[in-house]
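For ligands, and for the atoms within them, numbers begin at 1 and follow the listed sequence.
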Amino acid sequence: MRQTIEIKLSPSEAADEKAIHKRASELCQIKPSAIDEVIVLRKSIDARGSQPFIQLKLEVYIGEKQEPEAALIDQFKQVSDAPEIIIVGAGPTGYFAALELIELGLKPVIFDRGKDVRSRRRDLRDIQQFGIVNPNSNYCFGEGGAGTYSDGKLYTRSHKRGDIYKALKLFVEHGADPEILVDAHPHIGSNKLPQIVSNIRETIQHYGGEVHFDSLVTDFIVENNQMKGVVVHEKTERRGEAVILATGHSARDIYTLLNKKNIHIEPKPFALGVRVEHPQSLIDKIQYGQEERDANLPASSYRLACQVGQRGVFSFCMCPGGLVVPAATAPGEIVVNGMSMSRRDSAYANSGTVVQIELDDLQAFSKHGVFTSMEFQKSVEQTIFNAGNGGQQAPGQRMTDFVAGKTSKNLPGSSYIPGLFEAPLHELLPTFVYGKLKKGILEFGRKMKGYFTEEANVIATESRTSSPVKIPRNKETYMHVEVEGLFPAGEGAGYAGGIISAAMDGQNVARAVYAFAQK
Ligand SMILES: Cc1cc2nc3c(=O)[nH]c(=O)nc-3n(C[C@H](O)[C@H](O)[C@H](O)COP(=O)(O)OP(=O)(O)OC[C@H]3O[C@@H](n4cnc5c(N)ncnc54)[C@H](O)[C@@H]3O)c2cc1C
């Protein structure tokens with residue numbers, strides 16, 4: 001017999017298996033010894049009251065045990081001799097598309113401009129310590145894509161877009177903690193993601209797929225309006241039944257190439273702003289109401305949004321206990337983002353704080369046509385870079401000075417390893433962006449008492465929030481609207497925003513490719 005129950009426990013009780021069993025037995029009105037197994041189906045934190053609680057949804061097994069679930073990868077097929085599908089990009093979209101293709105009996109052949117996870121680390125160190133940006137290997141490019149050295153939040157609101165459970169289960173089968181299957185806000189962390197990503201690569205190779213690093217795709221082979229394959233490093237051709245284009249939101253050269261080859265793309269609204277960084281202890285105090293965070297509670301987070309005039313201002317990619325990182329993909333630009341380790345134990349909490357940018361806001365850039373948003377994005381990143389010393393030091397301002405429109409005399413501590421310098425962000429950011437951010441931050445301070453503080457840093461530029469270009473595809477076939485055999489996928493095409501939605505889009509596109517290959 002099985003019984004599903006919901007219980008609320010203090011953080012320390014929720015960390016104690018015996019306490020969970022005891023409460024379950026009380027609710028089911030049976031002796032604890034009569035319970036064979038208690039499985040957590042869902043775990044969330046309720047911090048609305050004066051004391052935070054852990055809310056658990058449990059399945060209580062009485063007189064039976066849970067049947068073990070078969071591993072998804074055990075059902076995979078050997079595909080070495082199967083028809084080949086080219087995938088450009090080894091990010092979550094590309095890797096999850098590859099796993100799905102294998103399940104369906106097709107052979108993925110992946111090309112990525114960057115390096116494998118391990119070799120990629122050296123280039124990240126060069127950015128952090130010496131300000132040197134390798135345009136093919138950085139926080140966005142390389143094995144695992146932008147998701148590898150990230151915060152590793154696996155939370156998505158795109159429930160209608162695909163099978164979230166399947167994507168999470170594949171992460172677990174490749175080494176992620178099974179907790180991610182039940183946690184309301186699952187998280188992996190940058191110390192664990194690289195191993196998981198390389199385990200996924202090993203699965204792809206084990207079943208006969210190919211993964212090629214240091215393989216910049218520089219051209220497409222298009223014949224009679226049909227995508228036949230790709231050219232790597234301007235010389236090596238590789239043909240396949242179809243091409244999945246999963247190059248992420250920062251592959252500006254791919255958008256340029258598509259445009260040059262007259263493959264239809266469109267300018268896309270996106271969001272741009274700053275990264276805000278507070279002491280984590282301050283956010284914990286606000287969210288949990290505790291002077292010192294209970295050891296059984298995770299670093300706390302927030303999600304804030306408001307409307308300023310016709311535009312949304314919102315927090316984005318919040319990284320509790322995280323680090324602000326330099327995420328530029330080319331020399332001459334400053335881009336910041338956030339990441340964290342699995343324990344989320346840094347002294348800082350950061351989040352992107354951005355303004356929704358519509359094409360109407362970018363009249364001055366409209367001469368760039370399909371590249372209107374991309375050129376705007378680039379120009380802000382370059383303006384911010386030019387205000388600095390030529391490295392990856394980022395401009396910062398105390399939050400209170402940012403709102404008051406004055407350069408800070410000094411800055412609070414920050415997790416940003418290349419370092420911050422005091423700068424007039426109120427002058428460096430586009431006027432319409434600054435004006436909305438200022439009002440948004442003040443409004444956030446009203447919604448969350450203590451958020452608006454001189455202890456917080458405002459750091460520029462948070463600009464790689466989503467793709468500034470859309471590669472349009474047919475809703476049913478997932479194929480490009482004009483070119484047969486081209487399957488734009490994931491964040492770079494404008495169909496995902498985050499690791500899990502990218503993974504699910506990769507899976508959806510792989511199934512569409514399978515249907516296409518059957519014809
Ligand atoms: C620092 C950071 C932290 C983040 N934190 C989170 C988080 O906590 N949770 C979350 O859900 N999302 C997070 N994101 C966003 C998330 O990583 C992306 O949404 C996701 O990775 C998009 O997946 P993708 O596969 O579509 O593209 P990407 O991950 O961008 O992968 C694209 C791949 O294509 C390759 N490529 C590009 N051009 C070419 C070419 N010409 N030839 C060959 N290969 C090419 C790149 O090298 C790259 O590996 C974060 C992003 C960053 C940068």
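Looking at Glu381 and Lys378, no side-chain N of the basic residue comes within less than 4.0 Å of a carboxylate O on the acidic one, giving no salt bridge. Under a 4.0 Å N-O distance rule, the pair Glu277/Arg275 does not qualify as a salt bridge. Looking at Arg238 and Glu84, a side-chain N of the basic residue comes within less than 4.0 Å of a carboxylate O on the acidic one, giving a salt bridge. Salt-bridge check for Lys166 with Glu100: passed, with a basic side-chain N closer than 4.0 Å to an acidic carboxylate O. A salt bridge links Arg201 to Glu143: one of the charged nitrogens lies within less than 4.0 Å of a carboxylate oxygen.
Looking at Glu491 against ligand 1, both its backbone and its side chain come within 4.0 Å, counting heavy atoms. Neither the backbone nor the side chain of Asp505 has a heavy atom within less than 4.0 Å of ligand 1. Contacts between Ser501 and ligand 1 below 4.0 angstrom, taking non-hydrogen atoms only, are absent altogether.
Within ligand 1, counting atoms from 1 as listed, the ones closer than 4.0 Å to a heavy atom of Ala251 are 37 (C), 38 (N). Contact atoms of ligand 1 toward Lys153: 7 (C), 8 (O), 9 (N), 10 (C), 11 (O) (distance under 4.0 Å to a heavy atom of the residue).
Among the atoms of Asp112, some N or O lies under 3.5 angstrom from an N or O of ligand 1. For ligand 1, the polar-atom distance check against Ile499 finds a nitrogen or oxygen pair separated by under 3.5 Å. Below 3.5 Å of separation, one finds an N or O of Gly142 facing an N or O of ligand 1.
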Distance-only donor-acceptor pairs under 3.5 Å for side chains of residues 124-132, two or more places apart:
| unit_1 | atom_1 | unit_2 | atom_2 | d |
| --- | --- | --- | --- | --- |
| Gln128 | NE2 | Tyr139 | OH | 2.9 |

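In summary, the side chains of Ser315 and Arg303 do not present any donor paired with an acceptor at a separation below 3.5 Å, with no hydrogens or angles considered.
Residue contact annotation: Cys319 has no non-hydrogen atom under 4.0 Å from ligand 1. Ala327 does not count as a contact of ligand 1, since none of its heavy atoms falls under 4.0 Å from the ligand. Heavy-atom separations between Gly338 and ligand 1 include at least one value shorter than 4.0 Å.
Nearest heavy atoms, Ile204 versus Leu99: CG1-CD2, 3.9 Å.
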